[in-house]
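Heads up: the structure comes next, in structure tokens.
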Amino acid sequence: MKPNTNLAIIVLAIIIGLTINGYFIGRSIQRFKAEDRSISVKGFAEREVKSDFAVWTIKTRITSNDINEGGKTIDEKKSKIISFLKSNGFADNEIIQQRVNVTDKLAKEYGASDLMGFRYIIENVLQVRSKKVDLIEQVSKQTDKLLKAGVIISEEQEYNPSVSYIYSGLNDIKPKMLSEAVQNAKKAAEQFTKDSQVNLGALKRASQGLFSITDRDAANRSANEGAYQSSANEVYKKVRVVVNVEYALQ
């Protein structure tokens, strides 16, 4: 075979090889791009629920110059509070003694000049912990009856409310809420593909966001009052969850 013929065959083989290789590389890139096309959407679900547990913190404060007399006075007020609670339907195991705080103003640094007629501040803190949510909501508004009996309840600050309402049934509603959130995400993806004139493919991945439990009207109160709001003030709560879902596009 002539040298020129051999060279032509070699060159032709190289050209054919490069063409075939380029074809398969092109097909791979095309396939990769097709597989890489996707859409990420968020799905949202929300439930309104009622709290199933409540904690009512009852704080009483007195002042005295005699620690023994002050101790007797705070015990008397404690007894009146417990009697009030029992008469309204709370059991012994729902009424818990939390703590007794005694502040000696004379013992504090620079305290001797700030006695203002008394030396000791004595606080007693009780808690009612119960599933009787409606009863706590009702009775906690009747502290005027204690006032008539000579017992003054120290009010908690707004960011630390005296009654905290808690919802503990999250695990019971999680599965349905997640399913609803995923379905809402799929609806959003289907609407996008319809508007974009493409086809929605298989689910590629999904990630669950955190569940949040807030007071039902917390957002409205924050907007109106311009202050931080606790998520334990109200009996009724809003449970929310957001999921992130990614679908392939065809």
Side-chain angles (χ1 to χ4, degrees), residues 46-64 68-103 120-174 176-177 211-222 224-225 227-240:
E46 182 178 85
R47 289 278 193 285
E48 183 175 304
V49 298
K50 184 178 180 180
S51 299
D52 51 20
F53 194 80
V55 179
W56 179 14
T57 302
I58 306 172
K59 181 190 293 184
T60 311
R61 175 186 294 181
I62 64 105
T63 58
S64 177
N68 293 322
E69 288 298 322
K72 292 178 181 178
T73 302
I74 202 73
D75 282 343
E76 290 174 359
K77 294 185 181 297
K78 170 186 171 182
S79 296
K80 289 180 179 179
I81 293 172
I82 292 176
S83 296
F84 169 75
L85 294 172
K86 287 183 177 180
S87 68
N88 280 281
F90 294 105
D92 286 329
N93 62 355
E94 295 174 312
I95 305 169
I96 301 167
Q97 173 67 56
Q98 283 292 297
R99 62 186 183 275
V100 176
N101 300 326
V102 179
T103 301
Y120 299 103
I121 301 173
I122 306 175
E123 289 182 339
N124 183 79
V125 181
L126 293 170
Q127 269 192 352
V128 181
R129 304 176 65 87
S130 176
K131 294 181 179 180
K132 302 170 184 174
V133 175
D134 293 334
L135 185 60
I136 285 184
E137 184 183 27
Q138 175 188 347
V139 177
S140 63
K141 298 174 182 177
Q142 299 177 6
T143 52
D144 58 314
K145 295 180 180 179
L146 285 171
L147 183 60
K148 292 176 182 178
V151 179
I152 300 175
I153 303 297
S154 299
E155 292 294 331
E156 297 285 339
Q157 293 177 309
E158 187 173 14
Y159 55 79
N160 186 23
S162 59
V163 182
S164 297
Y165 297 101
I166 302 161
Y167 176 69
S168 61
L170 182 59
N171 287 336
D172 296 331
I173 62 174
K174 263 186 177 182
K176 287 185 178 180
M177 288 191 67
F211 278 83
S212 65
I213 304 176
T214 59
D215 284 347
R216 180 180 60 183
D217 300 320
N220 293 333
R221 291 203 315 274
S222 298
N224 293 332
E225 299 173 15
Y228 169 79
Q229 297 294 335
S230 168
S231 287
N233 289 321
E234 297 181 17
V235 173
Y236 288 93
K237 309 290 183 184
K238 279 187 178 179
V239 182
R240 297 183 177 94

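All values below come from the heavy atoms of this structure, side chains included, with hydrogens, waters and symmetry mates left out.
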**Message:** Under the criterion side chain to side chain contact (heavy atoms under 4.5 Å, CB included), I'd like the reasoning laid out for Ile74 against Lys78: C-alpha separation, chi angles, the key distance, then a yes or no.
**Reply:** CA-CA 6 Å; Ile74 202 73; Lys78 170 186 171 182; 5.9 Å; no
**Asked** Should Ile82 and Phe90 be marked as a side chain to side chain contact (heavy atoms under 4.5 Å, CB included) after you check the CA-CA gap, both sets of side-chain angles, and the distance that decides it?
**Response** CA-CA 9 Å; Ile82 292 176; Phe90 294 105; over 6 Å; no
**Request:** Given side chain to side chain contact (heavy atoms under 4.5 Å, CB included), test Thr214 with Arg240 step by step and report yes or no.
**Result:** CA-CA 9 Å; Thr214 59; Arg240 297 183 177 94; 3.2 Å; yes
**Request:** Walk me through it: do Leu135 and Ser130 pass the test side chain to side chain contact (heavy atoms under 4.5 Å, CB included)?
**Result:** CA-CA 9 Å; Leu135 185 60; Ser130 176; over 6 Å; no
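For the atom pair CD1 of Ile122 and NZ of Lys72, the computed distance is 12.0 Å after rounding to the nearest 0.5 Å. Note: Glu137 CD to Ser51 OG = 9.5 Å, rounded to the nearest 0.5 Å. From Ile81, atom CD1 reaches atom CG of Leu126 across 5.5 Å, with rounding to the nearest 0.5 Å. The distance from the CG atom of Asn88 to the CD1 atom of Ile136 is 11.5 Å, given to the nearest 0.5 Å. In this structure, CZ in Phe84 is found 4.5 Å from CG in Leu146, a value given to the nearest 0.5 Å.
The two residues Asp215 and Asn233 make their nearest non-hydrogen contact at OD2-N, 2.9 Å. Smallest separation of non-hydrogen atoms from Tyr120 and Val102: CD2-CG1, 4.2 Å. The heavy-atom pair separating Val163 from Ser140 by the smallest distance is CG2-CB, 3.8 Å.
At a cut-off of 3.5 Å, with distance as the only test, a side-chain donor of Asp52 or Ser168 sits close to an acceptor on the other residue.
With Asn124 as the partner, the side-chain contact (heavy atoms from CB on, under 4.5 Å) test is satisfied by one option alone out of Gln97, Arg99, Lys59: Gln97. Under the side chain to side chain donor-acceptor pair (under 3.5 Å) rule, Glu48 has a single partner from Lys237, Lys238, Arg216, which is Arg216.
Side chain of Asn101 to backbone of Glu123: no donor-acceptor contact under 3.5 angstrom is found. The backbone N or O of Asp217 lies less than 3.5 Å from a partner atom in the side chain of Glu234, making a donor-acceptor pair. Checking side-chain atoms of Tyr165 against main-chain N and O of Tyr167 turns up no donor-acceptor pair under 3.5 Å.
In Arg61, the CZ atom is not crowded: 12 or fewer heavy atoms of neighbouring residues, nucleotides or ligands sit closer than 6.0 Å.
Looking at heavy atoms from C-beta onward, Thr60 lies in side-chain contact with Ile153 at the 4.5 angstrom threshold. Inter-residue side-chain proximity for Glu76 and Val151 is flagged as unmet; no heavy-atom pair is nearer than 4.5 Å. Using a 4.5 Å heavy-atom threshold, the side chains of Lys77 and Ile62 count as touching. Residues Ile95 and Lys86 meet the side-chain proximity criterion, which asks for heavy atoms closer than 4.5 Å.
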